[in-house]
Each structure stands twice: as structure tokens, then as C-alpha cells.
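Working notes, structure below.
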Amino acid sequence: MNSDSVNNTANTAETDSTHFIEDIIINDLKPGGRFEGKQVHTRFPPEPNGYLHIGHAKAIVIDFGMAERFNGICNLRMDDTNPSKEDVVYVTSIQEDIRWLGYDWDDRFYYASEYFPQMYELACQLIRKNLAFVCELKPEEIRKTRGTLSTPATPSPWRDRPTEESLGLFERMKQGEFPDGAMTLRAKIDLTSGNFNMRDPVLYRIVHAHHHRTGNDWCIYPMYDYAHPLEDALESITHSLCSLEFEDHRPLYDWVIDNLDGLPSRPRQIEFARLNIDHTVLSKRKLRALVESGIVNGWDDPRMPTLSGLRRRGYTPRSIRSFCNRIGVSKVNSTVDYNFLEHCLREDLNENAERVMGVLKPVKLIIDNYPENQSEYFEIENNPNRPEDGTRQITFSRELWIDEDDFRIDPPRKFHRLFPGNEVRLKAAYVIRCTGYRCDSDGNLLEIHAEYDPATRGGQTPDGRKIKGTIHWVDAKTAVEAEVRLYDNLFSVADPDASDQDFMSLVDPGSLIVLKDCKVESSLATTETQTSFQFLRLGYFCLDPDSRPDRLVFNRSVSLKDSYRP
RNA sequence: UGGGGUGUAGCCAAGCGGUAAGGCACGGGACUUUGACUCCCGCACUCGUAGGUUCAAAUCCUGCCACCCCAGCCA
């Protein structure tokens with residue numbers, strides 16, 4: 001495990017009740033149970049054909065989490081049985097993302113392709129047992145003979161060919177004597193089953209393609225339904241956790257394992273509901289489309305629900321783990337509120353992020369009664385919730401930047417910020433009173449004028465007077481220029497999948513707002529990527545990799561909650 | 001019309017025959033040198049629905065309804 005243990009995080013709210021997968025495992029471990037005396041052994045089996053997203057994070061937390069909870073182990077395995085879709089580039093990104101999330105597989109990193117030789121031998125065993133045959137039907141013919149919801153499949157004309165003939169043909173398939181699609185190895189199960197997966201499913205197909213691991217060693221590749229149970233069994237997996245759509249593949253999963261001799265274990269497949277989150281999409285196909293169309297700026301665009309996107313956005317591994325641990329595990333198709341993910345991030349960052357001041361839409365504030373060439377330092381806490389994080393010095397002088405939103409010429413009701421005649425506290429500095437403002441001929445605000453009260457140094461009010469509003473500011477003399485990128489939901493509609501319109505047209509153009517002329521306090525000049533800060537009163541931000549020393553770029557990870565209602 | 005699943009609040013989700021946990025969201029209040037945080041309070045007389053069994057049903061039984069998945073040589 002990484003330094004911040006997955007189980008001991010304050011945010012990983014442990015519930016006193018168990019979910020259904022835990023219940024099953026507990027039962028399996030009991031005396032007389034299916035895995036009595038065995039070590040719980042799970043696996044996370046991604047196909048290396050894309051980037052991991054928050055939905056995978058749920059699976060990772062369940063797979064690794066169940067192993068951890070029962071003092072077991074969890075393998076990482078690339079399910080690379082389809083060379084035409086997979087690539088090495090995904091392998092490393094998947095490993096990086098899982099490590100970043102805080103999980104480790106020790107030396108148990110495998111490829112399904114490592115088992116190709118054994119899978120081939122086991123397939124021969126099925127043929128010899130007269131449980132599989134080589135079928136020469138074309139893909140369309142197989143489809144046509146599979147039957148319908150109400151009618152059974154019709155048998156392949158090759159179904160009853162002699163096992164020796166199938167064995168020979170299967171060997172020749174392997175030798176590369178036939179072109180793609182010419183024939184398949186099929187299981188002989190039940191043509192009348194209401195479950196299509198049992199109607200003589202294809203076990204092997206011919207694919208003359210270069211495989212990223214095995215090169216051109218193979219031109220026949222096992223199908224998921226045949227390969228997956230074997231991968232699990234060969235790794236002595238006890239509990240094979242997957243998503244709901246594989247529920248009706250379970251009979252086939254069990255069939256493969258039950259009909260083969262010499263397997264080291266008989267894993268139990270358990271299915272749970274995959275994660276959905278509103279205002280986004282979580283399908284590889286759609287995420288890929290967003291990237292390839294250029295609607296977003298790559299897989300790690302901070303608006304993307306990919307782990308690389310969330311990471312760049314400023315999501316912490318801890319917040320994502322916390323989220324996954326708290327959404328629950330069940331078999332109900334569900335869509336979690338995006339604001340729950342945001343809640344988990346705020347919860348973490350509120351506890352751990354240092355506070356700084358930054359001004360997004362700067363307007364000049366001039367303290368007319370403050371000496372022109374004077375400057376002074378104020379001490380400000382790094383995190384009021386954690387005094388042990390200490391304090392730092394910030395500079396103050398006659399001219400400051402404050403946020404446009406904190407000033408109104410005509411304030412609405414309950415506006416506690418700056419307006420002509422009103423007093424406000426500059427955080428950690430002085431109480432000031434607005435004495436006026438200047439606009440250009442078009443009515444655009446140029447500068448605000450104020451006078452400070454020297455008796456209120458540090459923001460205190462020795463006379464006990466209550467100051468309703470406290471605003472953030474940055475000293476114009478020492479301010480550092482920055483670009484700030486504000487993000488919002490990629491889709492303003494809650495469920496882009498449900499719309500009649502093409503989901504690509506539903507991307508909210510306001511999901512990214514770039515502010516170029518922001519001013520941040522000088523302490524941020526030397527910060528590093530991935531460090532999260534709270535910009536006081538605004539939200540949580542982190543430095544983007546696009547940053548350069550002369551041009552800082554910050555991403556807003558999430559805003560602060562705001563109960564202000566005019 | 002076949003097979004496999006699932007229905008508890010706006011969203012997740014406990015509950016496993018003894019009288020509806022918790023979280024998010026939302027509303028109200030307290031506190032506040034962040035309109036943040038924190039802290040209080042409120043938020044399902046009812047569990048898809050109709051019956052049945054029982055002293056007692058979200059939990060057991062039966063019927064019905066709704067929704068999701070399955071007819072790739074994808075995973």
C-alpha cells in the first residue's frame with residue numbers, strides 16, 4: 001500500500017453493515033463453505049484498450065478492497081485476448097492510475113496472453129471430451145442459426161463431426177492455414193437454452209493480427225467467455241468480481257471450469273452494478289469520441305471523468321477512494337449525484353489544503369490614507385482548521401487587487417461586501433471603508449477608493465464593532481500573474497445518454513472558462529503541480545502542468561459551497 | 001412470447017418477522033477574521049403494486065406492473 005493507507009483514511013467511512021459481496025465471502029470462508037481455509041484472492045482485469053475512469057475506480061476499490069478486508073490478495077491482470085483493439089500504451093497508464101489511486105499488486109502482474117498455451121491445451125481437452133468442435137460457419141451464418149428469443153438455435157452442420165477431425169482442424173487453425181473468419185472452435189452445450197450464451201458459444205476465433213505481447217505467435221485467440229474463467233482459475237482466484245452485464249455469462253463461466261480437469265481452483269463469479277454519475281458519460285466509446293473530435297483537450301482534460309483527468313483537475317486519490325467506499329455496492333442500476341463526488345473532494349481538501357489568496361477578476365483598490373511608499377507584513381494562518389500547519393507572511397501596501405464580485409455600486413439586499421460607504425475587513429489586514437470609485441466614459445469600473453482604520457491592524461476591532469464582511473485581496477506590488485481555468489460539468493443535462501440528441505452536441509461550452517489576468521499571492525510562484533490550495537472564499541485549485549515559471553496556470557478543482565442568496 | 005436481474009426519499013443506501021440507519025442534496029437556525037468549515041433542527045406513518053400468511057410483514061407466499069441486460073468470430 002502507499003504511505004497513506006487505504007483503510008486508515010479518516011474519510012473512508014466504514015459502515016457497520018456489510019454489503020452483499022462481503023456477505024457471500026464471509027459465508028464462503030465459514031466451515032463447510034466453498035473456500036474454507038483459503039486465502040481470499042481477487043483480481044482487477046482491465047482490457048488494455050483505453051484509459052481508466054472513475055467507473056473503473058469503483059471496481060478497483062472493490063477488487064483490491066475486498067482482498068484487503070479479508071487479508072487476501074488481489075492480482076492485476078491485463079485481459080489482452082483481442083489483439084486488434086489493444087495496445088501497450090494503455091498498459092502503463094493503467095498501472096500508473098492504479099498506483100496513484102493507492103493500490104499495489106506486488107509481483108502479481110499478469111497478462112491473459114501468458115496463458116495462451118494452456119488455454120489451447122485445455123481447448124483440445126474439451127474437443128476430446130466431445131464438448132467442443134470446429135465449426136466452419138461464417139459469422140453471418142452463425143448469427144442466423146443462433147435462433148431468437150422464442151426459437152432455439154439450429155445445430156451447426158459441423159456439430160457432430162468426429163473429435164479427431166476437430167482436433168486436426170483446430171491444430172491447423174493454430175498453424176495459420178485458414179484466413180480470418182473461416183472457422184471457429186465452438187462449445188457444444190445447449191441449443192435450446194433461453195440463455196444465448198449457452199447456444200454453442202464460440203470459444204476461439206482466427207485473427208491474423210500482431211499482438212502487443214505475443215507478437216505473431218498466435219493467430220487464434222480465445223473469446224472472453226472461455227478465457228476469463230481460465231485466467232481466474234489458473235491464478236487461483238477465489239472471487240471473480242465483475243459487473244452486472246456478465247450475470248448471464250456465469251453459467252458459461254461455470255461450465256468452462258466444471259468441464260476441464262486439472263484446474264487449480266474453482267472461482268466464484270459475483271456481479272455488482274457498475275457506476276454511473278450524472279452530468280458526464282462513462283463509456284470508453286464516448287470518452288474516446290470526445291477526445292478524438294477535439295471537443296476536450298485529451299484524455300486528461302480536467303473535465304474528463306478519467307482518472308488522469310480527475311488527477312489533473314486536482315482530485316486526490318483519497319477523495320476518490322472515499323467516494324467509492326461510500327457509494328455502496330449493490331445490484332441496483334444507479335446514478336450517483338456528481339455533487340457527491342465533489343463533496344468527497346471538498347471534505348478532503350478542507351482538511352488538508354493550505355489556504356492562500358488569489359483574485360480571479362481583479363479590480364484595483366486604492367487605500368488613500370495609506371502612505372504611498374509604505375509596505376508591511378501580515379501573518380496569516382495556512383489552515384485555520386490545522387493550527388499545526390503554521391502561518392506565513394503576506395505583504396500589504398497602498399494598492400491592492402480585490403475581486404470584482406466583492407464590490408457593487410448598488411448593492412443588492414444582504415450584500416456584506418464592499419460598496420460606497422460600507423466597511424469591510426480585508427482578510428488578516430485592516431478594516432476599510434469604501435470612499436468612492438472611478439469609472440471610464442463607458443461606465444466600466446476602473447478603481448475603487450477606500451480608507452483604512454489603523455486601529456484594526458490584523459483585522460481586529462478593538463472597539464468591538466462587528467464587521468459583517470471579510471474579503472480576500474492581493475498586494476498589487478507583489479502579486480503574481482496567473483491564468484485560472486474554471487471547470488463545470490461537461491454536460492449541463494443530467495443524463496446525456498438519455499437524450500435524443502447526439503451526446504457530443506450536449507457538451508456544455510461553459511464547462512471551461514479561462515481567466516487570463518488573475519492575480520495570486522507571491523507565495524504561489526514556487527508551488528508544484530498536484531499540490532492543492534484553497535483560494536480563500538473561492539474554491540480549491542491546483543497548478544496545471546501547462547504552467548511555466550513566467551506563466552502560472554491553475555485549475556479550479558471544485559468551488560467552495562456558497563450559501564449567499566441575494 | 002425466451003433467459004438473467006432490479007424495485008426503500010430528489011440521489012446513493014442500511015434493513016434478513018418485532019414496528020424505516022447513515023450519507024449527499026434541500027430548507028431553517030447558531031457560530032464565523034473564508035457567506036467556507038463546524039454545530040443544531042427539519043426532511044419516507046411507509047418500502048413498485050394488489051392480495052394472502054401472521055399477534056406482528058419493507059422482510060415470508062402469490063399475482064400483477066415498471067425498469068435494466070442478453071441473439072459480436074468485443075470485453
Side-chain angles (χ1 to χ4, degrees), chain A residues 13 15-19 23 45-47 49 79 81-82 84-86 135 137-139 142-144 146-153 180-186 192-199 201-207 220-221 223-225 227-228 242-251 271 273 278 284 326-344 346-347 350-351 355 357 380-381 383-385 414-417 425-429 431 456 458-461 467-472 494 534-539 559-565:
Chain A
T15 54
D16 42 11
S17 61
T18 56
H19 57 67
D23 291 342
E47 182 185 16
N49 71 343
D79 204 1
T81 57
N82 187 354
S84 55
K85 290 192 175 177
E86 296 148 8
C135 177
L137 253 26
K138 299 288 174 290
I142 290 186
R143 179 160 33 81
K144 273 188 235 146
R146 184 134 27 217
T148 68
L149 293 180
S150 49
T151 61
D180 288 8
M183 49 187 76
T184 58
L185 182 71
R186 288 230 256 167
T192 65
S193 174
N195 182 346
F196 286 102
N197 296 307
M198 302 302 268
R199 320 241 271 215
V202 171
L203 267 23
Y204 267 91
R205 77 287 212 184
I206 300 171
V207 181
I220 55 170
Y221 290 90
M223 298 288 290
Y224 170 88
D225 283 319
H228 208 85
C242 63
S243 46
L244 250 29
E245 65 266 34
F246 293 106
E247 228 156 0
D248 46 16
H249 292 244
R250 185 166 10 106
E271 312 85 11
D278 59 15
K284 275 184 190 171
R326 296 206 272 167
I327 50 177
V329 179
S330 73
K331 303 187 70 142
V332 185
N333 285 309
S334 59
T335 302
V336 178
D337 280 351
Y338 191 88
N339 62 37
F340 185 59
L341 216 207
E342 293 195 318
H343 165 80
C344 292
R346 286 194 188 102
E347 185 178 64
N350 175 53
E351 182 67 19
R355 272 62 171 170
M357 292 203 282
I380 186 169
E381 68 273 11
N383 184 343
N385 294 345
K414 293 198 287 181
F415 188 78
H416 297 153
R417 284 109 96 153
R425 174 169 27 238
L426 296 173
K427 171 70 181 179
V431 173
T456 59
Q460 319 262 21
T461 51
I467 305 297
K468 280 263 186 68
T470 298
I471 66 172
H472 59 278
Q534 183 193 112
F535 283 15
L536 221 60
R537 301 208 305 135
L538 297 175
S559 66
L560 249 34
K561 293 217 295 184
D562 184 5
S563 63
Y564 174 56
R565 303 278 181 279

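A note on names: the letters A, B, ... follow the listed sequences, proteins ahead of strands, and every chain is numbered from 1. This is a predicted model, so every value here is computed, not measured.
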Open item on the list: Given the structure, check if the side chain of A:Asp248 and the base of B:G3 hold any donor-acceptor pair shorter than 3.5 Å.
Closed with: yes
Using Watson-Crick or G-U wobble geometry with both distances below 3.5 Å, tell me the partner of [N], or none.
N	value
B:A21	none
B:U6	B:A66
B:C16	none
B:U1	none
B:C26	B:G42
B:U59	none

Spacing between [X] atom [atom1] and [N] atom [atom2], to the nearest angstrom:
X	N	atom1	atom2	answer
A:Met357	B:A36	CE	P	18 Å
A:Lys468	B:U32	NZ	P	13 Å
A:Leu149	B:G2	CG	C1'	6 Å
A:Glu342	B:C12	CD	C1'	16 Å
A:Arg537	B:C37	CZ	C1'	15 Å
A:Arg417	B:U34	CZ	P	14 Å
A:Asn195	B:G5	CG	P	10 Å
A:Asn350	B:A36	CG	C1'	7 Å

Open item on the list: Would you call the rings of A:Phe340 and A:His343 parallel, tilted or perpendicular, taking 30° and 60° as the class edges?
Closed with: parallel
[atom1] spacing across the pair [N] / [M], given as an integer number of angstrom:
N	M	atom1	answer
B:A14	B:C24	C1'	15 Å
B:G29	B:A36	P	13 Å
B:G3	B:A20	P	38 Å
B:A56	B:U19	P	15 Å
B:A44	B:A13	C1'	14 Å
B:U8	B:U49	P	10 Å
B:C37	B:G27	P	13 Å
B:G15	B:C41	C1'	25 Å

- [ ] Decide whether A:Thr18 and A:Asp23 meet the rule of one side-chain donor and one side-chain acceptor closer than 3.5 Å.
- [x] yes
Are [X] and [Y] within salt-bridge range, i.e. N to O under 4.0 Å?
X	Y	value
A:Arg250	A:Glu271	yes
A:Glu381	A:Arg355	no
A:Arg346	A:Glu351	no

Students often get this wrong, so: under 4.0 angstrom with heavy atoms, is [X] touching a base, only sugar-phosphate, or nothing?
X	value
A:Gln534	base
A:Lys427	base
A:Tyr338	nothing
A:Thr148	base
A:Pro384	base
A:Leu560	base
A:Thr461	nothing
A:Ser193	nothing
A:Gly147	base

Task: Closest-nucleotide 5' rank along RNA chain B - winner of A:Gly469 and A:Thr192 - done: A:Thr192
- [ ] Apply the test side-chain hydrogen bond (donor to acceptor under 3.5 Å, both in side chains) to residues A:Asn82 and A:Ser84: give CA-CA distance (whole Å), side-chain angles for both, the deciding distance (0.1 Å), then the verdict.
- [x] CA-CA 6 Å; A:Asn82 187 354; A:Ser84 55; 2.7 Å; yes
Open item on the list: Measuring to OP1 and OP2 of B:C11, would you say a side-chain N or O of A:Thr335 lies under 4.0 angstrom away?
Closed with: no
TODO: Give a yes/no answer on whether the side chain of A:Ser334 brings an N or O atom under 4.0 Å of OP1 or OP2 in B:C11.
DONE: no
Task: Chi-angle category of B:G72 [syn within 90° of 0, anti beyond] - done: syn
Task: Anti/syn call for B:C45, syn if |chi| within 90° - done: syn
Open item on the list: Would A:Arg417 pass as a cation-pi partner of A:Tyr564, given that its NZ or CZ must be under 6.0 Å from the six-membered ring centre and within 45 degrees of the axis?
Closed with: yes
Open item on the list: Working note: A:Glu342 + A:Lys561, criterion salt bridge (charged side-chain N to carboxylate O under 4.0 Å, His left out); need CA distance, chi angles, decisive distance, verdict.
Closed with: CA-CA 10 Å; A:Glu342 293 195 318; A:Lys561 293 217 295 184; over 6 Å; no
Please enumerate all protein N or O atoms sitting under 3.5 Å from an N or O of nucleotides 24-26 of chain B, with distances to 0.1 Å.
residue: B:C24; atom: O2'; partner: A:Asn339; partner atom: OD1; Å: 2.8

Open item on the list: Counting only heavy atoms from other residues, nucleotides and ligands, does the tally under 6.0 Å from NZ of A:Lys468 exceed 12?
Closed with: no
List every contact pair, protein side and nucleotides 72-75 of chain B side both N or O, where the distance is under 3.5 Å.
residue: B:C73; atom: OP1; partner: A:Arg146; partner atom: NH2; Å: 3.1
residue: B:C73; atom: OP2; partner: A:Arg146; partner atom: NH2; Å: 3.1
residue: B:C73; atom: N3; partner: A:Gly181; partner atom: O; Å: 3.4
residue: B:C73; atom: N4; partner: A:Leu137; partner atom: O; Å: 2.7
residue: B:C73; atom: N4; partner: A:Pro139; partner atom: N; Å: 3.3
residue: B:C73; atom: N4; partner: A:Gly181; partner atom: O; Å: 2.8
residue: B:C74; atom: OP2; partner: A:Arg205; partner atom: NE; Å: 3.0
residue: B:C74; atom: OP2; partner: A:Arg205; partner atom: NH2; Å: 2.9
residue: B:C74; atom: O3'; partner: A:Arg205; partner atom: NH2; Å: 3.1
residue: B:C74; atom: O2'; partner: A:Asn82; partner atom: ND2; Å: 3.0
residue: B:A75; atom: OP1; partner: A:Thr81; partner atom: OG1; Å: 2.9
residue: B:A75; atom: OP1; partner: A:Arg205; partner atom: NH1; Å: 3.3
residue: B:A75; atom: OP1; partner: A:Arg205; partner atom: NH2; Å: 2.9
residue: B:A75; atom: OP2; partner: A:Tyr224; partner atom: N; Å: 2.9
residue: B:A75; atom: O3'; partner: A:Asp79; partner atom: OD2; Å: 2.7
residue: B:A75; atom: N6; partner: A:His249; partner atom: NE2; Å: 3.3

- [ ] Choose from B:C16, B:G35, B:U34 the nucleotide whose nearest atom is closest to any side-chain atom of A:Asp23.
- [x] B:C16
